[in-house]
Amino acid sequence: MKEAAVKVIVATPVAAETERWQGIMQAALPEFEVIAWRPGMSDTLARYAIVWSPPDDLFRDQPGLRAVFNLGAGVDGIMRLPSLTPDTAVYRLQDAGMAGQMAEYVIHAIAELSRGFETYRRRQNEAAWSPLPAVRHAEWPVGVMGLGKLGSHVAQSVAALGYPVAGWARSPRDHQGIDTFHGDGQLDAFLARTRVLVNLLPLTAETAGIINAALIAKLKPHAVLINIARGGHVVDADVLAALDSGQLQSAVLDVFNDEPLPQDHPYWRHPRVRITPHVAAVTLEDQAVQQITEGIRLLERGQQAPGLVARDTGY
Ligand code: NDP
Ligand code: OXD
């Protein structure tokens, strides 16, 4: 008798997206049975799940899961679910084309603010030929929080342009051309030399709300915040107060506590806030498929797969 194919379920918050990923993954994993998960589907027991921000019901209904593959780099949408059992392995995407996009985003934001490109756009409307003074990179020291797959690439890309760049991580890191700081004990020194703060930390119990009034007060004056990690890192009221007091010159925000950002949120209309809709880096489909299918096949052969999330740290 032919053995039944191993089942893989796909779950996202949007039914049409789930169906789309089911089709893509079934084509890439023809030897498996790939199923679009629906709430209440407890009679179909799968060995693997491919997910983005799944509902808690998923893990309740699927006690036999051996591994969960996240369709993104940040796993906070999985790790916070109470029904995720401690022995279910969680894997995440590593870079998957996102590091380059993150570097473009950050370089665009820094150049726009430091070189005064917005001012030139306003002056163009007035047909005003009016050069601004030359920019010294030394006046724009950049600090990247999180030196992982994405943060280390961003730090190195910005440093290659000549900006003084530092990075802060949990453990000691060594990156050529970057001043590195680590742990709570070195956070203040990192902040004190930073004017442009780029956040690329994972959202964990330790990092939630880290960008608050106390942290912002330790940055250089007229600082710029570029948050491209998660909205949960930020205390919004503190960022708005720091913008109003002038301690923050600008905030460039891609991620928010509530997404989509509610229409009446003060960020939308603040003159010194720049908003993008969680697109700083978008998962490249082909690279996601390649990493996830390779991971599942490695596990099926009893081997280790890359991108395993450490359950003690949550990233
Ligand atoms: P990694 O896991 O590769 O890197 C995380 C980095 O953060 C590591 O350097 C780690 O330190 C550091 N870190 C973790 N916890 C702490 C802490 N408590 N104190 C100091 N440093 C800490 O993550 P990625 O680079 O792949 O991704 C980063 C985040 O970017 C994702 O979690 C996600 O939230 C966000 N993201 C946003 C996207 C967007 O479009 N806006 C797209 C993709 C990702 P150490 O090196 O010592 O382990
Ligand atoms: C991710 C994201 O974590 O897109 O990959 O936010």
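First listed ligand is number 1; within each ligand, the first listed atom is number 1.
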Exercise. So, Tyr91 versus Gln291: side-chain donor-acceptor pair below 3.5 Å or not?
Worked result: no
Problem set entry | Arg47 and Glu33 ion-paired at < 4.0 Å | no
Seminar exercise, completed: One finds that the ligand 2 atoms under 4.0 Å from a non-hydrogen atom of His278 are 2 (C), 4 (O), 6 (O)
For this session: With sequence neighbours left out, write down each residue that passes side-chain hydrogen bond (donor to acceptor under 3.5 Å, both in side chains) with Gln26, or none if nothing qualifies.
Result: none
For this session: Run the numbers for me: atoms of ligand 2, each under 4.0 Å from some heavy atom of Met98, listed by number.
Result: 5 (O)
Problem set entry | Option passing side-chain contact (heavy atoms from CB on, under 4.5 Å) with Val273 (candidates Val252, Leu253, Leu248) | Leu253
For this session: Answer yes if the side chains of Arg274 and Thr276 hold a donor-acceptor pair under 3.5 Å, and no otherwise.
Result: no
Problem set entry | Distance-only polar pair, side chains of Asn227 and Asp254, donor-acceptor under 3.5 Å | no
Problem set entry | Short N or O distance, Gly74 and ligand 2, threshold 3.5 Å exclusive | yes
For this session: For Arg136, look at atom CZ and say whether over 12 heavy atoms of other residues, nucleotides or ligands are found less than 6.0 Å away.
Result: no
For this session: Supply the atom-to-atom distance Ile216 CD1 to Ser245 OG, rounded to the nearest 0.5 angstrom.
Result: 8.5 Å
For ligand 1, output the ligand-protein N/O contacts shorter than 3.5 angstrom; if there are none, return none.
residue: ligand 1; atom: 2 (O); partner: Arg92; partner atom: NH2; Å: 3.4
residue: ligand 1; atom: 3 (O); partner: Arg92; partner atom: NH2; Å: 2.8
residue: ligand 1; atom: 3 (O); partner: Lys149; partner atom: N; Å: 2.9
residue: ligand 1; atom: 9 (O); partner: Leu147; partner atom: N; Å: 2.8
residue: ligand 1; atom: 9 (O); partner: Gly148; partner atom: N; Å: 3.1
residue: ligand 1; atom: 11 (O); partner: Arg170; partner atom: N; Å: 3.2
residue: ligand 1; atom: 18 (N); partner: Glu206; partner atom: OE1; Å: 2.9
residue: ligand 1; atom: 21 (N); partner: Arg170; partner atom: N; Å: 3.0
residue: ligand 1; atom: 25 (O); partner: Lys149; partner atom: N; Å: 3.3
residue: ligand 1; atom: 25 (O); partner: Leu150; partner atom: N; Å: 2.9
residue: ligand 1; atom: 26 (O); partner: Arg92; partner atom: NH1; Å: 2.9
residue: ligand 1; atom: 26 (O); partner: Arg92; partner atom: NH2; Å: 3.4
residue: ligand 1; atom: 34 (O); partner: Arg230; partner atom: NH1; Å: 3.3
residue: ligand 1; atom: 40 (O); partner: Ala281; partner atom: N; Å: 3.1
residue: ligand 1; atom: 40 (O); partner: Ala281; partner atom: O; Å: 3.0
residue: ligand 1; atom: 41 (N); partner: Ile228; partner atom: O; Å: 2.9
residue: ligand 1; atom: 41 (N); partner: Asp254; partner atom: OD2; Å: 2.9
residue: ligand 1; atom: 46 (O); partner: Arg173; partner atom: NE; Å: 2.8
residue: ligand 1; atom: 46 (O); partner: Arg173; partner atom: NH2; Å: 3.0
residue: ligand 1; atom: 47 (O); partner: Arg170; partner atom: N; Å: 3.2
residue: ligand 1; atom: 47 (O); partner: Ser171; partner atom: N; Å: 2.7
residue: ligand 1; atom: 47 (O); partner: Ser171; partner atom: OG; Å: 2.4
residue: ligand 1; atom: 48 (O); partner: Tyr315; partner atom: OH; Å: 2.6

Exercise. Hey, which atoms in ligand 2 end up nearer than 4.0 Å to a heavy atom of Arg230?
Worked result: 1 (C), 2 (C), 3 (O), 6 (O)
Problem set entry | Shortest protein contact, atom 1 (C) of ligand 2 (heavy atom only) | Ala73 N, 3.4 Å
